[in-house]
Amino acid sequence: MADQDTGNGQKRSGFTRRQMMTGAGGVALAGLAGCIGGEKRNGGDDSTQGNVSWSWWNQVANYPFIEDMNAEFEADHPNTSVKYNGIPGSVDQYNQKVKAQIAAGEESDVMMLTTRTYAELAREKQLKNLKPLVNQDDEMKLADYIGDFSDTVFQPDEDTVYGLPTGVGTLVMYYNTQMYADAGWDEPPSTWDELRNALTDLKKNGVDVPYFLPFGKSAARMFWNFANQKGPGIMNDDYTECVVANDANVEALEYTINLHNEGLLKYSTEVELQNYSRTFGAGNTATTMGGPWVYADSERNDNEDIAGTTLIPSRTKGGPSGGVYTSKVFSMSNQPSDEQTAWELEKYLAHGKGVDHFVNAGTGLSYLAEDEDHPVYDEKPVMKDHAEQLKHARLLYYGPKTTNIINKIVPQLQAAQLKNKAPRQALEDAQKVINNEVLG
């Protein structure tokens with residue numbers, strides 16, 4: 001990656017894999033995370049001081065690099081103390097806890113939020129409007145982020161921005177390269193037909209779980225990805241009408257159910273280790289769809305060498321891959337303990353050196369335009385595949401009532417998967433309820 005202008009008069013130096021490994025003397029990438037980006041990537045304002053806190057949905061015990069991030073920020077900001085408030089549990093539990101903390105006035109200064117929760121809190125003006133801080137800052141611009149920032153959910157209008165996006169999570173297809181090779185597949189499938197054929201060969205070769213599909217709220221994972229390949233998708237362009245019951249989506253749901261009926265796909269309720277990411281990481285399934293965290297689980301199980309990735313298989317050869325992506329957002333409390341210090345931490349996590357730590361740990365991609373060819377992608381090709389999928393995918397967001405819309409669709413998908421409803425009837429029921437009760 002060549003040097004690029006960040007818009008603030010600074011340059012972020014490019015690194016090849018060779019330069020990284022030579023310059024580090026063989027040091028692991030985690031140790032390089034704070035160095036990526038030349039002399040200073042929002043290194044900090046030495047004048048800040050005081051205590052500042054931030055929240056994320058995992059505990060330090062699960063992600064030791066967080067301790068390194070806090071130490072790095074404190075080193076860049078003398079007289080500043082950082083407290084990390086890790087909140088365990090599912091993403092939904094985390095979001096509910098943060099919303100409860102905000103209601104009680106007990107939230108951290110800077111908080112990670114998922115897109116849907118961010119949109120909800122932003123509409124209710126329960127987050128700090130960062131636009132004045134952005135305007136007076138000479139180290140960053142909203143234009144530094146991928147695409148036209150003003151056209152995304154992250155900036156409701158030209159005068160407000162309640163968070164900075166980070167940790168993009170694209171969903172790609174993971175496949176166990178050893179299992180596939182043993183079944184005669186040296187290359188991953190790229191179409192629906194090829195995927196069915198590959199899963200058939202895996203089953204014939206003795207693989208118990210050729211494809212693992214989560215059955216909770218993630219039951220829609222395969223469906224959401226395929227729904228973006230053809231047809232009008234889930235909603236119309238301005239999110240005023242649900243169109244989920246179109247022919248293309250019926251076909252996508254039928255495809256998934258048929259794989260299960262043929263014994264080529266198992267739901268999480270049928271597998272002992274019910275988490276898809278940990279199941280793949282442990283080498284107990286040949287195929288699943290997921291984000292960068294799937295690779296992280298493979299690393300923790302010393303199975304990273306057999307964790308292959310490919311774009312979401314398309315309906316036909318050369319057809320669109322589609323897919324969805326999610327993004328986390330770092331937002332600020334309306335009443336931070338120290339606004340300037342909180343702003344420096346906000347920038348560090350979503351625009352500065354902190355981004356490199358998250359990318360290196362596999363918890364998400366960078367949303368920064370200059371990171372399209374992030375140095376870590378050369379060391380971890382899996383992450384590069386996730387970045388490539390971002391070019392084809394759509395943000396998993398369907399307007400202000402996204403959560404309600406998804407919560408109405410998922411039970412209908414499950415009803416079809418359990419054979420309680422025909423696929424078309426299930427989608428028509430979801431569409432009717434959304435249009436009449438959620439949007440009406």
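Here the structure is a predicted model, which is why all the values come from computation and not from measurement.
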Under 30°, 30 to 60°, or over 60°: which ring-plane class applies to Tyr367 and Tyr145, parallel, tilted or perpendicular? tilted
Taking NZ, NE, NH1 and NH2 as the nitrogens, is one of them in Glu124 or Lys99 under 4.0 Å from a carboxylate oxygen of the other? no
Could you tell me whether Glu304 and Lys380 make a salt bridge, using a distance below 4.0 angstrom between a side-chain N and a carboxylate O? no
Given side chain to side chain donor-acceptor pair (under 3.5 Å), test Asp182 with Gln178 step by step and report yes or no. CA-CA 6 Å; Asp182 290 345; Gln178 187 62 58; 2.9 Å; yes
Can you name the ring-ring contact (aromatic ring centres under 6.0 Å, His included) partners of His392, sequence neighbours left out? none
Parallel, tilted or perpendicular for Trp54 and Phe358, by the 30°/60° rule? perpendicular
Would you call Lys391-Glu372 a salt bridge at under 4.0 Å N-O? yes
Start with the C-alpha distance between His357 and Asp68, add both sets of side-chain angles, then the distance that settles side chain to side chain donor-acceptor pair (under 3.5 Å), and finish with yes or no. CA-CA 9 Å; His357 284 277; Asp68 297 333; 5.6 Å; no
Evaluation steps, side chain to side chain donor-acceptor pair (under 3.5 Å), between Gln96 and Asp92: CA-CA 6 Å; Gln96 291 302 319; Asp92 286 341; over 6 Å; no
Side chains of Thr403 and Asn407 only: does a donor on one sit below 3.5 Å from an acceptor on the other? no
I'd like to know if Arg196 pairs up with Glu262 as an ion pair, taking the criterion as any Lys NZ or Arg NE/NH1/NH2 lying under 4.0 Å from an Asp or Glu carboxylate oxygen. yes
If you draw a 6.0 Å radius around NZ in Lys421, do more than 12 non-hydrogen atoms from other residues or ligands fall strictly inside? yes
Would you say the side-chain atoms of Asp385 and Gln389 include a donor-acceptor pair closer than 3.5 Å? no
Go through Tyr398 and Ile409 one step at a time and tell me if the side-chain contact (heavy atoms from CB on, under 4.5 Å) criterion holds. CA-CA 12 Å; Tyr398 304 117; Ile409 293 176; 6.0 Å; no
Tell me the ring-ring contact (aromatic ring centres under 6.0 Å, His included) pairs involving residues 232-253, sequence neighbours left out? Tyr239-Tyr397
Would you say the side chain of Val209 lies within less than 4.5 Å of the side chain of Leu265, judging by non-hydrogen atoms? no
Side-chain heavy-atom pair Leu142, Val134 within 4.5 angstrom cut-off: yes
Under the side-chain contact (heavy atoms from CB on, under 4.5 Å) test, which residues partner Glu270, sequence neighbours left out? His260, Lys266, Tyr267
Sequence neighbours excluded, every pair satisfying salt bridge (charged side-chain N to carboxylate O under 4.0 Å, His left out) that has a member inside residues 238-253: Asp247-Arg424, Glu251-Arg315
ring-ring contact (aromatic ring centres under 6.0 Å, His included) filter on Trp185, not counting sequence neighbours, yields none
Go through the steps to decide whether Ser55 and Glu107 satisfy the test side chain to side chain donor-acceptor pair (under 3.5 Å), and finish with yes or no. CA-CA 8 Å; Ser55 296; Glu107 72 273 20; over 6 Å; no
Considering only residues two or more places apart or on different chains, which pairs with a residue in residues 288-297 satisfy side-chain hydrogen bond (donor to acceptor under 3.5 Å, both in side chains)? Tyr276-Trp293, Ser277-Asp297, Asp297-Arg300
Kindly assign one of parallel, tilted or perpendicular to the pair His386 and Tyr174, based on the angle between their ring planes and the thresholds 30° and 60°. tilted
